[in-house]
Amino acid sequence: MVEQHFGKDYAGIPPENYERFFVPEIGAPLASDLIQFAALSPGEQVLDVACGTGVVARLAAEQVGPTGSVAGLDSNPGMLAVANSAVPAGVDIQWYEASAEAVPLPDSTFDVVLCQMGLQFFADKHAALKEMYRVLVPGGRLVLNLPGPTPPLFTSLSEAFRNQINAESAEFVNQVFSLYDTEAIRDLISGAGFQNVAVQFSTRMLSLPSPREFLWHYVHSTPLAGVVRRANDEQLSSLEREVVTEWQKFVIDRDLMLQVRVVEAAGWA
Ligand SMILES: C[S@@+](CC[C@H](N)C(=O)[O-])C[C@H]1O[C@@H](n2cnc3c(N)ncnc32)[C@H](O)[C@@H]1O
């Protein structure tokens, strides 16, 4: 059984696990909210920055239709390989392996830039936002989302990694939820030249699998997979025990319930 082996029977391929577990459990619900907020029109040219395995790009392609176009950009070639393999038949999405801070595309190419759960990871957020501005046509729009602050469920996960593995691994969890202050986000976007910046937030309730299943789904979908590969079974067993115990308070009717605040922001070039 998966549960007794710390998820090791699907370990080793985080981008495939990301698409298989993280996307249906967390990425897709947030992507459908983002796409609704972006209000794409048929025929628009869209770039999905930090596209990962392409969940936002695929939804965007449905909205812009055959007269529009969608491209995805990510710095991780493993994520892009899965993205490429997940494109539905008859849909054409261009993929670019590049850093968000140095986009290898001409000025004024896109009507819309989308970025889901990406900005918090960029080392130079101002440079990345300037690049998004540069590749938009005048009047084009940026639409992004960011989760945070760290929901209590993930605070428990981060603490368990700190207690059972190391402080460094706990930091990954915290980074995911590190950029959530609406004024700071507005200032970052405006600071790159965007006009009429709108920032809003909502709280999303997501129903996840059982604590033990979700723990290993999440770990093996993210850079934490590398951390647990280097840990021994005793550490993993303690980690699992701590997390599963702590997460009982978030279980309703056998499902783990994640309540997460999500900031959505838009700005015009
Ligand atoms: C949490 S994932 C989000 C992926 C996707 N947007 C989604 O919603 O599923 C963060 C993504 O940001 C990418 N990323 C991190 N830093 C980057 C950078 N500097 N340039 C481009 N992509 C980056 C990672 O490779 C990863 O695919």
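Residue indices begin at 1 and follow the sequence shown. Atoms within a ligand are numbered from 1 in the order they appear, just like the ligands themselves. All values derive from a computational prediction rather than experimental measurement.
Residue Tyr133 forms a ring-ring contact (aromatic ring centres under 6.0 Å, His included) with just one option from Phe110, Phe194, Trp268, and that option is Phe194.
Using modelled atom types and a 3.5 Å distance limit, the side chains of Ser237 and Glu234 yield no donor-acceptor pair.
Ligand 1 lies within reach of Ser75, whose nearest heavy atom is under 4.0 Å from it. A heavy-atom separation below 4.0 Å is found between Ser99 and ligand 1. In this structure, Ala31 falls outside the shell of residues with a heavy atom less than 4.0 angstrom from ligand 1.
The protein atom (non-hydrogen) at minimum distance from atom 19 (N) of ligand 1 is Glu101 OE1, 3.0 Å. Ala50 CB, 3.4 Å is the protein heavy atom nearest to atom 12 (O) of ligand 1. Ala100 N, 2.9 Å is the protein heavy atom nearest to atom 20 (N) of ligand 1. Looking at atom 15 (C) of ligand 1, its nearest protein heavy atom turns out to be Phe121 CB, 3.8 Å. For atom 24 (C) of ligand 1, the closest non-hydrogen atom of the protein is Asp74 OD1, 3.5 Å.
Taking the six-membered ring for Trp and the full ring otherwise, Phe21 and Trp216 have centroids separated by 6.0 Å or more.
Residue Tyr18 touches ligand 1 through its side chain alone, judged by heavy-atom distances below 4.0 Å. Contact annotation: for Cys115 versus ligand 1, there are no heavy atoms closer than 4.0 Å. Counting heavy atoms closer than 4.0 Å to ligand 1, residue Ala98 contributes backbone atoms (N, CA, C, O) but none from C-beta onward.
Atoms of ligand 1 found under 4.0 Å from any heavy atom of Met117 (numbered from 1 in listed order, with element): 1 (C), 2 (S), 3 (C), 8 (O), 10 (C). Within ligand 1, counting atoms from 1 as listed, the ones closer than 4.0 Å to a heavy atom of Met79 are 27 (O). Atom numbering of ligand 1 starts at 1 in the shown order; those under 4.0 Å from a heavy atom of Gln116 are 3 (C), 5 (C), 6 (N), 7 (C), 8 (O). Atoms of ligand 1 found under 4.0 Å from any heavy atom of Asn76 (numbered from 1 in listed order, with element): 25 (O).
In this structure, Cys51 and Trp95 have side chains that are in contact, with non-hydrogen atoms separated by less than 4.5 Å.
With hydrogens and angles disregarded, no donor-acceptor distance shorter than 3.5 Å links the side chain of Arg212 to the backbone of Val244. With hydrogens and angles ignored, the 3.5 Å screen pairs a side-chain donor or acceptor of Arg134 with a backbone N or O of Val103.
Ion pair Arg141/Asp111 not flagged as a salt bridge, since none of the NZ, NE, NH1 or NH2 atoms sits closer than 4.0 Å to an Asp/Glu carboxylate oxygen. Look at Glu168 and Arg230 and you find no salt bridge, because none of the NZ, NE, NH1 or NH2 atoms lies under 4.0 Å from a carboxylate O. The residues Glu171 and Arg162 are annotated as salt-bridged, a charged nitrogen and a carboxylate oxygen being separated by less than 4.0 angstrom.
Between Phe214 and Tyr218, the ring planes are tilted. Angles from 30° to 60° get that label.
Among the atoms of Phe22, none of the N or O lies under 3.5 angstrom from an N or O of ligand 1.
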